[in-house]
Amino acid sequence: MKKIALSVALAGALVSGVFAEANKQTGCGLGSYLIDQEGLVWYVLQYTTNNSSGTQTFGISSGTLGCKEAKLVMDSRVQEFVASNMDALSKEIAQGKGESLDTLVELLNVADKKAFKVALQENYNKLYTSKDAEMADVLDNVAQL
């Protein structure tokens, strides 16, 4: 009887995780869903759980666990990279240079890298439409350039 109750509770937690909202600080995944606390220690636990358990990758690929799937079908490595580096990319796109931006351009297999970086920088406000922009929105906006 205890096994059945535990199974039902676990299944309920996993199913409700499909409808979870992503944490703006640590991204989406099981850690952000299960650990519903704020503060540096909690954010570290959320981030560690999201990335070490592989649930962020699953959530990004499937659009579950609080992750929003991009409209443009891209390599999951691009989605994971952008989701994990939103702050650095925002700063580097605004500056038009940086290691994270270089990595994004490589992952997207852009032929004219310099022109693409300039286009991203010139269209920064179209890419990041709000301070709470999400990975899927940014990638969709990049695809429209």
Q: Go through the steps for Glu106 and Thr103 under the test side-chain contact (heavy atoms from CB on, under 4.5 Å), then give the verdict.
A: CA-CA 5 Å; Glu106 286 295 323; Thr103 303; 5.6 Å; no

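Atom CG of residue Asn141 and atom OH of residue Tyr124 lie 12.0 Å apart, to the nearest 0.5 angstrom. Distance check: Leu127 CG to Leu89 CG gives 10.5 Å after rounding to the nearest 0.5 Å. Taking CG of Leu104 as the start and CZ of Phe81 as the end, the distance is 6.5 Å to the nearest 0.5 Å. Remark: Glu80 CD to Asn85 CG distance equals 11.0 Å, nearest 0.5 Å.
The closest donor-acceptor contact from the side chain of Ser90 to the backbone of Met86 lies at 3.5 Å or more, if one exists at all. Formation of a donor-acceptor pair under 3.5 Å by the Gln121 side chain with backbone atoms of Gln95 is found in this model.
When all heavy atoms are compared, the tightest approach of Ile93 to Leu120 is CG2-O, 3.5 Å. The two residues Gly96 and Leu101 come nearest to each other via the heavy atoms C-CD2, 3.7 Å. Residues Glu99 and Glu92 come closest through the heavy atom pair N-OE1, 3.3 Å. Nearest approach of Ala133 to Tyr128, heavy atoms of both residues: CB-CD2, 4.0 Å. Of all non-hydrogen atoms in Val78 and Leu108, the two that sit nearest each other are CG1-CD2, 3.8 Å.
Note on Val110: it does not cluster hydrophobically with Val118, by side-chain heavy-atom contacts below 4.5 Å among ILVMFWY residues.
For Lys126, the NZ atom sits in a loose shell: 12 or fewer heavy atoms of surrounding residues, nucleotides or ligands are nearer than 6.0 Å.
The existence of a salt bridge linking Lys117 and Asp102 is confirmed by a sub-4.0 Å separation between a basic side-chain nitrogen and an acidic carboxylate oxygen.
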